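Presented below is the structure to which this report refers.
Throughout, residue positions are numbered sequentially from 1 according to the sequence presented. Both backbone and side-chain heavy atoms feed into the values below; hydrogens, waters and symmetry mates do not. Remember, predicted model here, so these are calculated numbers, not experimental data.
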Amino acid sequence: MSTIKLFVCCMMLVALAMGQEQGYSFTSKEVKCHVCKATVQELEDAIAKEDPKKMVDVSGFRLDASGNSITKRVRFIKSEMFLTELMEKICDKMEDYLKATYKNNGKFTLLKMIIDGKMNPDSSLVDFVQDGDLNKSLGHFCLEVLEDNEETFLKAFQAEELGNDLDIKICSEQAKYCDDAPVQDEYNFEGKEEL
């Protein structure tokens, strides 16, 4: 077991030992919303580690006039093969998250315990939620989110530009787990005539 995973396990046990007996109540939709957002972030992070210029040949079931399979070159990070394989293992990353509520407002969140090899600085802002299954349900929710929205995830990540609000586009607009609205672009009034 890596040092970081051991540290996360210890932190989970500390959170449980603290006996957070408060009556936390959140819905499965809220958990799925945060799991969906975390999944989008983890996918974005994993894709960012790949060479964006790497190309791969993909073939379809179409044949040319000579009976040869028609292939085309696409960026590796946009290939269905790469994205599907990534989605199959991304839910393992949910082991790095804990359920929590913010101390200042009681709102539910998922907190990634380790960021860039260090303890998440936001951990002091939250109360960890005692969870009988030691947050194993987060991985199950992740699998459910991806299974129910596989095409949505594939289309979004195969788009030429990912955009800034990919979590909102997938988790709110498409999957309907979250109620976040996209950030509206400010309207430029310069050069417009007054009515």
Side-chain angles (χ1 to χ4, degrees), residues 26-65 67-100 107-115 120 129 131 133-186:
F26 37 84
T27 66
S28 134
K29 183 180 176 187
E30 285 177 287
V31 176
K32 283 183 184 177
C33 170
H34 287 277
V35 167
C36 183
K37 288 179 176 189
T39 302
V40 170
Q41 185 62 55
E42 291 294 341
L43 287 167
E44 287 178 319
D45 292 348
I47 289 168
K49 293 176 183 172
E50 297 292 329
D51 179 0
K53 295 178 185 167
K54 182 178 177 182
M55 301 296 282
V56 64
D57 289 325
V58 293
S59 61
F61 297 104
R62 298 181 62 201
L63 303 175
D64 64 14
N68 299 317
S69 179
I70 299 174
T71 62
K72 68 179 185 177
R73 289 185 65 73
V74 297
R75 290 179 25 210
F76 176 69
I77 60 173
K78 300 294 181 182
S79 70
E80 187 171 336
M81 175 193 69
F82 167 71
L83 291 171
T84 301
E85 286 178 9
L86 186 58
M87 288 192 299
E88 286 175 0
K89 51 188 177 180
I90 205 72
C91 292
D92 293 343
K93 296 282 190 180
M94 291 301 120
E95 292 178 4
D96 300 339
Y97 290 82
L98 292 175
K99 295 175 188 170
K107 288 192 176 197
F108 176 77
T109 190
L110 288 184
L111 190 72
K112 187 170 184 171
M113 290 303 300
I114 306 296
I115 297 177
N120 188 331
V129 175
D131 192 342
D133 71 357
L134 296 176
N135 290 304
K136 298 277 188 233
S137 62
L138 298 179
H140 297 294
F141 278 120
C142 175
L143 291 170
E144 184 179 330
V145 164
L146 287 173
E147 186 176 303
D148 291 347
N149 301 283
E150 182 176 4
E151 285 300 313
T152 300
F153 274 88
L154 281 174
K155 283 182 182 178
F157 281 96
Q158 285 179 318
E160 197 54 42
E161 291 295 321
L162 295 183
N164 294 334
D165 297 326
L166 195 56
D167 61 331
I168 293 174
K169 289 176 184 154
I170 293 174
C171 304
S172 297
E173 295 174 7
Q174 297 292 315
K176 308 277 190 238
Y177 295 128
C178 309
D179 297 324
D180 302 336
V183 177
Q184 298 293 320
D185 293 331
E186 289 188 29

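- A salt bridge (Lys or Arg N to Asp or Glu O under 4.0 Å) with Glu42 is found for exactly one of Lys89, Lys112, Lys37, namely Lys112.
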Going through the distances and angles, do Tyr97 and Val35 end up as a side-chain contact (heavy atoms from CB on, under 4.5 Å)? CA-CA 9 Å; Tyr97 290 82; Val35 167; over 6 Å; no
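- Judged purely by atom type and a 3.5 angstrom limit, Ser172 uses its side chain to pair as donor or acceptor with the backbone of Asp180.
- Put simply, the residue from Ser28, Cys36, Cys91 that forms a side chain to side chain contact (heavy atoms under 4.5 Å, CB included) with Phe141 is Ser28.
- Between Lys29 and Asp179, at least one side-chain N (NZ, or NE/NH1/NH2) sits under 4.0 Å from a carboxylate O, which counts as a salt bridge.
- When the options Met94, Glu144, Lys99 are evaluated for a side chain to side chain contact (heavy atoms under 4.5 Å, CB included) with Ser137, the one that passes is Lys99.
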Could you check Ile90 against Leu146 for side-chain contact (heavy atoms from CB on, under 4.5 Å), going step by step and ending with a plain yes or no? CA-CA 10 Å; Ile90 205 72; Leu146 287 173; 3.7 Å; yes
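- In the displayed structure, Asn164 atom CG is contacted under 6.0 Å by at most 12 heavy atoms of other residues, nucleotides or ligands.
- The backbone N or O of Thr27 lies less than 3.5 Å from a partner atom in the side chain of Glu30, making a donor-acceptor pair.
- In this structure, the side chains of Leu83 and Leu43 stay at 4.5 Å or more apart for every pair of heavy atoms.
- A disulfide is assigned to Cys33 and Cys178, since their SG atoms are nearer than 2.5 Å.
- How far NE2 of His34 is from OG1 of Thr39: 12.5 Å, rounded to the nearest 0.5 Å.
- Annotation: side chain of Asn149 is not in contact with side chain of Ile170 (no heavy-atom distance under 4.5 Å).
- Separating the CZ atom in Arg73 from the NZ atom in Lys54 is a distance of 11.0 Å, to the nearest 0.5 Å.
- In this structure a side-chain-to-backbone donor-acceptor pair under 3.5 Å is missing from Lys176 to Cys171.
- Between the NZ atom in Lys32 and the CG atom in Asp148 there is a gap of 6.5 Å [rounded to 0.5 Å].
- The shortest side-chain heavy-atom distance between Leu154 and Met87 falls under the 4.5 Å cut-off.
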For side-chain contact (heavy atoms from CB on, under 4.5 Å), just list the numbers for Glu160 and Arg75, CA-CA rounded to whole Å, side-chain angles, deciding distance to a tenth of an Å, and then say yes or no. CA-CA 10 Å; Glu160 197 54 42; Arg75 290 179 25 210; 2.8 Å; yes
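- Within the model, atoms NZ of Lys169 and OG1 of Thr152 stand 13.5 Å from one another, a figure rounded to the nearest 0.5 Å.
- The aromatic rings of Phe82 and Phe76 sit tilted relative to each other, their planes meeting at an angle between 30° and 60°.
- Looking only at side-chain heavy atoms (C-beta outward), Phe157 and Leu166 come within less than 4.5 Å of each other.
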The test is side-chain contact (heavy atoms from CB on, under 4.5 Å); show your working for Leu98 and Leu138 and say whether it passes. CA-CA 9 Å; Leu98 292 175; Leu138 298 179; over 6 Å; no
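- Interatomic distance, Ile77 CD1 to Asp51 CG, rounded to the nearest 0.5 Å: 8.5 Å.
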